[in-house]
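Worksheet: the structure to be examined is printed underneath.
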Amino acid sequence: MPHPLTFVSRRRFLRTAGATSLALACDGWPALAQEKQPATPLGPLNRFPRTVQEWCVEQVRAAESRGNEVRAKLATKADAEAHVRDVRAKVARCFGPFPEKTPLNARVTGQLERDAYTVEKVIFESRPGFHVTANLYVPRAAKQGKKLPGVVGSCGHAHNGKAEPAYQSFSQGLARMGYVVLIFDPIGQGERSQYSHVEKPDRPGAGVGEHLLAGNQQFLVGEFFGSWRAWDGVRALDYLLSRPEVDSRHVGITGNSGGGTMTAWLCGVEPRWTMAAPACFVTTFRRNLENELPADTEQCPPRVLALGLDHADFLACMAPKPVVILAKEKDYFDVRGAEEAFARLRRLYKLLGAEENVKLHIGPTGHGYSIENREAMYQWFNTATGASDVKSEPKLVVEKEEDLYAAPKGQVSELKARTVFSFTAATARQLEDARRVRPVPGPGALAKRVRDALRLPASDRAPDYRILRPVTGRKYPKPFATAYALETEKPAVAVVYRLDDQQHLARPPKNTGGATVYVSHHSADAELRDEPLLAELVNAEPKTAFYACDVRGVGESWPDTCGGTDQFLAAYGSDYFYAAHGVMLDRPYVGQKTFDVLCVLEWLKDVGHKEVHLVAKGWGAVPATFAALLSERVTRVTLKNALTSYADVARAEQYVWPLSCFVPGVLRSFDLPDCYAALAAKKLRLIDPWGANGKPK
């Protein structure tokens, strides 16, 4: 089976080895003269590669503007205090609810004695059976009964987690200055691999790979991987505060990159921190989008943009406590966004009478918790606690990774620890059992659940459209095709091809008969040439009007962002990128695509087609299923390689379906088989459904 975060069809749809000869054969547009050239493979047509990006940019800019309008209205200390309370409530909506606190069952499995501190190797359970590995740095001064300030360290995406030299460095540096430091491994890194039992060819990579595979799947059951990561941090603080050496009046949080993310999120969800120093993360969501910078699942909180929140708002939850933003001049996390975030915070802190408690430090180098940023953090924490007057980093000795292991053989799997997937699968089964005992929803009730889950806007008017100049030599099942670009949500488009036996260069002819409409998997252009089902349908009903369409984000609007079209299906490619933004905007990407199909159906109604046979394949079958359920225009449905069920994905440790096909929280309300059952009334035909692994089940 292919790696869960790649797709075997990538190369097939991205064959662009040579230039394709295009002829403009219509009145007034003579065909371009071409010398005979060797035949080259036809690449998929892709005339609108920036429209999804530009639609998303408009949405995120609007969300940022709404947030700025709220912040601009703050005029008094009381306004600022009310704003902080409001932001905390919104953050809770993104991350909650958290589970109940259960026993940590913490134990020390070993220790290292060093000149100025001891390193204890710690394991605790943030959830029952879910083990967290950590190192506790305890200064010698604590042995004399002195209460010391404490710091939780959150790691970035280093494969070795807490053993990464930069993260050892800040832990040792703080310990030498008199801080008790607990640094823990993130899920999927260090000693906490979730997939160490999977054979290597199919095993996701540490960090990003594991986070996306486990995290994308969690959305189906209404969970957020960032909440799981943050909960580990909350329980790490619980353990730190359980230690007699720690002064609860001074507890801080710091981390870099992915650890900077968690530092910011933890400022928003945990009120016990007294100081914070997020490094190499804080900017703005708009800057990340405009710069085409993908982020892990845990860095994309559900509804965060819809609620008008930005990175700075998570730090605002700390106000008026001390916070320093540690940025870098040459970081890919745009320093302009860090400056914007700081300006927002400084104004808020000024209203609260604590302007001196927020600071921006910009180091001169690139991404990483390098010494200049670590020293800025030391000085900030020392000012807040009075623990030390040292301004430069002490001499450090980096330990070997294996010497810091807390778990047997350096992996919690040796302890029979539960994985994130095991929780997801169990929740999926519980939700399935709950749906089974509830009354089967009628067509109206199911349609409402689908519409609500997809966050669909109204779509009762035919969209405006452009008539595209014809491209010859495509070898479709009929000799001619006219292409129309429908402005479904400007600038987003759906491109529709109308196949015909005669050349047609204008608007679609008025037709009071039925139509067949195909929703593509990856490219209508390529599939019209390669997919046998389409030739079969055209030949079976030669007099029926035949259309094929690409919804936004595939085929004609296949994005060329995030590294280019050849990276579209990669783990951090544009398909994931826009799906993640759909989650943050509370506009699921598959809902956007469903909206496009509904707009196409309204357009066909305007053309005069009273009844539609809706056909789709693979990825396209998901929005087509929802549109068929919601539109009275659809009287027949044929789905090839449709996903069997979302529950199948949630119960599969490995899967190939992308986040762009998922509906957040769907299994708490309905599943695809509910839709298929309802579509039996529309003569649904399912051909070779695909399971979680992208193969016929």
Side-chain angles (χ1 to χ4, degrees), residues 1-14 44 198-199 201-202 204 213 216-217 220 421 424-425 428-429 432 477 516-524 526-540 548 550-551 554-555 568-569 575 590 593 597 613-629 636-663 666-667 670-680 682-697:
M1 188 179 78
H3 189 288
L5 292 173
T6 59
F7 296 82
V8 294
S9 55
R10 180 194 309 170
R11 298 299 178 196
R12 178 181 179 188
F13 289 98
L14 293 169
V198 176
E199 292 295 325
D202 298 325
L213 185 60
N216 292 352
Q217 183 183 46
L220 295 172
F421 163 70
T424 302
R429 287 190 291 269
E432 188 171 26
T516 297
V517 181
Y518 173 70
V519 181
S520 71
H521 171 48
H522 283 168
S523 164
E527 288 152 38
L528 280 168
R529 291 180 274 117
D530 299 341
E531 174 51 57
L533 174 63
L534 302 188
E536 174 191 316
L537 290 169
V538 170
N539 292 332
D550 288 328
V551 295
V554 298
F568 172 78
L569 295 172
D575 188 65
V590 70
K593 295 168 188 281
V597 179
H613 176 194
L614 191 59
V615 183
K617 177 180 177 179
W619 289 13
V622 182
T625 295
F626 298 141
L629 187 74
R636 289 176 58 198
V637 185
T638 299
L639 304 176
K640 183 175 181 180
N641 306 141
L643 174 58
T644 50
S645 73
Y646 285 127
D648 283 346
V649 175
R651 294 191 304 256
E653 189 166 41
Q654 294 180 284
Y655 58 93
V656 299
W657 288 85
L659 180 60
S660 60
C661 287
F662 295 172
V663 182
V666 62
L667 292 177
F670 66 92
D671 199 355
L672 289 170
D674 298 322
C675 300
Y676 300 149
L679 290 175
K682 296 188 176 185
K683 304 173 186 176
L684 172 64
R685 179 188 175 200
L686 286 170
I687 304 171
D688 295 332
W690 281 347
N693 62 359
K695 297 177 181 178
K697 189 171 179 180

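The shown structure was predicted, so the numbers you read here are calculated from the model rather than taken from an experiment.
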Minimum side-chain heavy-atom gap [X]-[Y] below 4.5 Å:
X: L643; Y: W657; result: yes
X: H613; Y: L537; result: yes
X: K593; Y: V554; result: yes
X: P477; Y: L528; result: yes
X: R651; Y: V649; result: no

Separation of [Y] [atom2] from [X] [atom1] (nearest 0.5 Å):
X: L659; Y: N216; atom1: CG; atom2: CG; value: 4.5 Å
X: L614; Y: T516; atom1: CG; atom2: OG1; value: 9.5 Å
X: T638; Y: L533; atom1: OG1; atom2: CG; value: 7.0 Å
X: C661; Y: D575; atom1: SG; atom2: CG; value: 7.5 Å
X: E527; Y: D530; atom1: CD; atom2: CG; value: 8.0 Å

Restricting to non-hydrogen atoms, name the atom on [X] and the atom on [Y] that form the minimum distance, rounded to 0.1 Å.
X: Y676; Y: T644; result: CE1-O, 3.7 Å
X: L629; Y: C675; result: CD2-SG, 4.2 Å
X: D671; Y: Y646; result: OD1-N, 2.8 Å
X: Q217; Y: Y655; result: N-OH, 3.3 Å
X: D550; Y: A524; result: OD1-N, 2.7 Å
X: A624; Y: L639; result: CB-CD2, 4.3 Å

For [Y], is there any backbone N or O sitting under 3.5 Å from a side-chain donor or acceptor partner on [X]?
X: Q654; Y: N693; answer: no
X: N539; Y: A535; answer: yes
X: N641; Y: D688; answer: yes
X: E432; Y: A647; answer: no
X: K682; Y: A628; answer: yes

- Message: Is there a side chain to side chain contact (heavy atoms under 4.5 Å, CB included) between V517 and V615? Walk through the geometry before answering.
- Response: CA-CA 6 Å; V517 181; V615 183; over 6 Å; no

- Message: Please enumerate all residues that pass side-chain hydrogen bond (donor to acceptor under 3.5 Å, both in side chains) together with T424, with sequence neighbours excluded.
- Response: none

- What residues, two or more places apart in sequence or in another chain, satisfy side-chain hydrogen bond (donor to acceptor under 3.5 Å, both in side chains) together with K697?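 For K697, the residues satisfying side-chain hydrogen bond (donor to acceptor under 3.5 Å, both in side chains) (neighbours in sequence not counted) are D648.
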
- Query: Would you call the rings of W619 and H522 parallel, tilted or perpendicular if under 30° counts as parallel and over 60° as perpendicular?
  - Reply: perpendicular

- Lys/Arg N to Asp/Glu carboxylate O, K640 vs E536, below 4.0 Å: no

- Salt-bridge test for K617 and E531: reply yes if a basic N is under 4.0 Å from a carboxylate O, no otherwise. yes

